[in-house]
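Remarks on the structure that follows.
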Amino acid sequence: MEPKISEKAWNPELEKNILKQWEEEKIYDFKPNDDNFTIDTPPPYPSGRPWHIGAAAHYSQIDMIARTARMAGKNVYFPIGIDRNGLPVELYTEKKHKIRMRETERGEFLNLCKDALDDLEAEMILIMKSLGISGDFANYYRTDSEEYRSLTQSTFIDLWKKGEVYLANRPNNYDWVSGTTIADAEIIYDDLQTKLVYMKFKIKDTDKEIIIASTRPELLCACRTIIVNPDDERYSNYIGEKIIVPITNSEVELRTHHSAKEEFGSGAVMVCSYGDQNDVALFRELQLEEIVAIGLDGRMTEVAGEYAGLKPKQARTKIIEDLETAGFVEKIEDIVHRTPISERSKIPIEIIPMEEYYLKQKEKIGKMKDIGKEITFHPNMHKQILMNWLESINIDWPISRRRFYGTEIPIWYCKECSEPHVPEPGKYYRPWNEKCPITNCTKCKSTEFIGEERTFDTWMDSSVSPLFISKFNRDDEFFKKVYPASIRPQAKDIVRTWLYYTLLRCEELTGEKPWSEAWIMGYGLDEKGMKMSKSKGNAIDPLPVIEKLGADTFRFWSASEINHGYDFRCNEQKIESTKKFLSKLWNVSRFLSSFPVIDSGIPTASDKWILSELDKLVKECKKGYEEYNFFIPAIAIREFTWNVFAAHYIEMVKARAYGIDFSDEERNGAIFTLHKTLATILKLLAPITPFITEHLWKILYSNESIHQQKQVNFEDIEEQTEITKEIAEFNSKVWNEKKSQNLSLKDSIKIEIPEILEPFKKDLKSMHNLLD
RNA sequence: GGGCCUGUAGUCUAGCUGGUUAGGAUACCGCCUCGACAUGGCGGUGAUCAUGAGUUCGAAUCUCAUUAGGCCCA
């Protein structure tokens, strides 16, 4: 009997042919019907080379979701998109061409960004395809396409008309390196070394002084008041007194406020516009008039007097010197201070009052909480990230950005009276470069307009992804069928941005939640558990790994190593060692391929035993697949295939399958059971390793793709776990005994079979060559 | 400062509705060509289950404190 499979190992090169076949046969094509499973696939962002190996793992798992759903009989809509709006590509382009955005002509700069994006995007598409992602590549979308941007703009125009958008002059987080306002969500915190300066402030008309500690002495010129804790007895006599600010000699009042901590510094705190978020809250609460000490260029303004024009850090150094010279310094401590930093440019942000557009969100928080409660989270613990974020939102969403590569805010201002005008929705507008489509100002009838130059926060684009993929406003019939989406898979670090903003926007625009399930994954860390980054040099390029080991190896590694929802470590050696399992599966199949596939057989005791173990496996996998937790089936299938099926069952029935000293009926029982078990394993494994299972399936069982099969269901056979343990123990005992007697495995030996294994006697005897 | 999550052999992890010789994978060491597989088989080394205390006849598993890490917020 020649095996149908002759090659001794799985060759990842075969994956390329299989991909081609899938493409030709269009087996993943989507046509909407009445019961669709829509995946709101995260469009990856091309920010540089190489693409993150953690992202490759992430997309592999998203594909497992699609394949699981497909095999569960669902009509799967799996769109593929690329997110192309935003700051990172601008920074990449500036660096690549050694230019500065603001010193380059806008159209020219946009073209350079586009080219960079095209290159980076090509690499990502290549990786996604090689991974076997069963998405709709033929219709992939870009968030910077006219179609997408016009959706973003239309939804904005809609909200504008509903009065959800307003312009406000408020203290904003300002990143002066990027030259833009940033949302709270884009701020990270880092512990930075800084100096805590203890300064002497004179109390007016007395010879007394109080000590105030601050890390921002350059903001003395913007100091409006000094606060102490109401319980702080050190200052109780001076409440309401005028205090003279050193250097500037201005007078401010000493007041009490609970936010001043007695134990910090001297207990007295100067309140300036704006040192930190607490200052912002105090200015608002105490209705103080702000002093703008730092300008949009990130330098001190004229109110800083002789420090004007300096960067805050330089001004700080200089003012400390001057304070020391003038005798205002009591002492200076070096401390580590938790400082808010721009996530993108990594520099400390400044808080500067600016006029920006806001989208109302505060009054929606209750509604968002309700929707959040309705959505199933996988794993459930990550719902907490959203809930915590909802608890802590305290301002509306600033949506305008002073950048170039983004969706333009579609507003024109009347040149005469400055009245803002929004155009009709449905088209893509570029106000910085286009004539206003409105002919006369609605207020003063003037015909001259100035186009808005700012762009939207990129989350304004990304947050309508469920609407874009479902052709909202473009194809009502299609929209009705695929919206709301079934599932949103995404990484856990963007729950408070992408996930939250999507809930907010989609609910505002459709009155419905965007999806019923959210599937949240952790980050890929390097082998030491550190976050991967290009600057640290610990980033792993996924492409060579996939090319060398094959997509299935990579995918099985991702399923078997990543505990769903938790951060995971990427280690090339571990990915490589996963390959062994595919090799095992290959060889099991190679062995079985030497026996004919038969439809039925009468199972013996051994066959019934392995079928009960198989049924247990099916149950276990079903549990994992229902939660889209691929760790469960991956581990269970590997354990069963290797350590139960191959190690014990196949060895037990080998002689029977060959028909040596067994009847035809007994032989058929073995062959039938062997194939039934393997066919089941292949189906169970198909969502995780689509290539090798497809290849083996087609050679052994059917011309029709395994990915068009229904997943197997369990039959509820009674478990025989006790037998499994006994068999493994008995086999181990025999192997050990032969070893200690220096016998070869094929040599005969006399060992008593335990009573419980009596029904398996004939198989065990032939397996170990046992003497009576 | 507050919140959420986590801490099991070098590494990844199972077990955590209390009672297991703490299971598996990987790495490492030794032996072995037995008609699927040396990308294999068999055997072995390796864990005071982060630390301390408590509840209990009994705790990796429950409670509290401490500590370390991750993420988030202020």
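A, B, ... follow the sequence lines: proteins, then strands. Residue 1 opens every chain.
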With nearest nucleotide decided by heavy atoms, which residue, A/Glu639 or A/Phe581, maps closer to the 5′ end of RNA chain B?
A/Glu639
Taking only N and O in the side chain of A/Asn587, is any of them less than 4.0 Å away from OP1 or OP2 of B/A38?
no
Check this for me: does any side-chain nitrogen of one of A/Lys698 and A/Glu694 sit under 4.0 Å from a carboxylate oxygen of the other?
yes
Using the aromatic ring of A/Trp735 (for Trp, its six-membered ring), decide whether it stacks on the base of B/G43 within the limits of 5.5 Å and 30°.
no
For A/Lys8 and B/A38, is the shortest distance between a side-chain N/O and OP1 or OP2 below 4.0 Å?
yes
Would you say the rings of A/Tyr501 and A/Trp397 are close, in the sense that their centroids are separated by under 6.0 Å?
yes
Quick one: look up who B/A36 pairs with, Watson-Crick or G-U, both distances under 3.5 Å, and put none if it's unpaired.
none
Taking only the C1' atom of each, what is the distance from B/A47 to B/C28 in whole angstrom?
16 Å
Write down the partner of B/C62 under the Watson-Crick or G-U wobble criteria, each distance required to be under 3.5 Å.
B/G54
Counting distance alone, no hydrogens or angles: does the base of B/C37 have a donor or acceptor under 3.5 Å from a partner atom on the side chain of A/Lys584?
yes
Does B/A27 have its OP1 or OP2 closer than 4.0 Å to a side-chain nitrogen or oxygen of A/Lys580?
yes
Has A/Trp389 got a side-chain N or O lying under 4.0 Å from the OP1 or OP2 atom of B/C71?
no
Gap in Å between the two P atoms, one belonging to B/G18 and one to B/G2, rounded:
32 Å
Can you tell me if A/Ser732 touches the phosphate of B/G43, counting only side-chain N or O atoms and a distance under 4.0 Å to OP1 or OP2?
yes
How long is the line joining CG of A/Leu585 and P of B/A25, in whole Å?
17 Å
In the strands shown, is B/G10 matched to any nucleotide by a Watson-Crick or G-U wobble pair with both distances under 3.5 Å, and which?
B/U26
Between A/Leu592 and A/Ala9, whichever has its closest RNA chain B nucleotide further toward 5' is A/Leu592
Ignoring hydrogens and angles, answer whether the base of B/A36 and the side-chain atoms of A/Glu651 contain a donor-acceptor pair closer than 3.5 Å.
yes
What integer distance in Å separates A/Ile681:CD1 from B/A36:P?
17 Å
Hey, does the Lys NZ or Arg CZ of A/Arg488 hover above the aromatic six-ring of A/Trp498, less than 6.0 Å from the centre and inside 45° of the axis?
yes
Interatomic distance at P, B/G1 relative to B/U66, whole Å:
12 Å
Passes side chain to side chain contact (heavy atoms under 4.5 Å, CB included), A/His675 versus A/Ile598? Steps please.
CA-CA 8 Å; A/His675 279 302; A/Ile598 53 177; 5.7 Å; no
Looking at A/Leu585, A/Thr689, A/Ile637, A/Thr677, which hits side-chain contact (heavy atoms from CB on, under 4.5 Å) with A/Leu682?
A/Leu585
What interatomic distance, in whole Å, is found between P of B/C71 and the corresponding atom of B/G15?
25 Å
Could a donor-acceptor pair under 3.5 angstrom be found where the side chain of A/Lys739 meets the base of B/C42?
yes
Provide the Watson-Crick or G-U wobble partner of B/C71, both distances under 3.5 Å; none if there is no partner.
B/G3
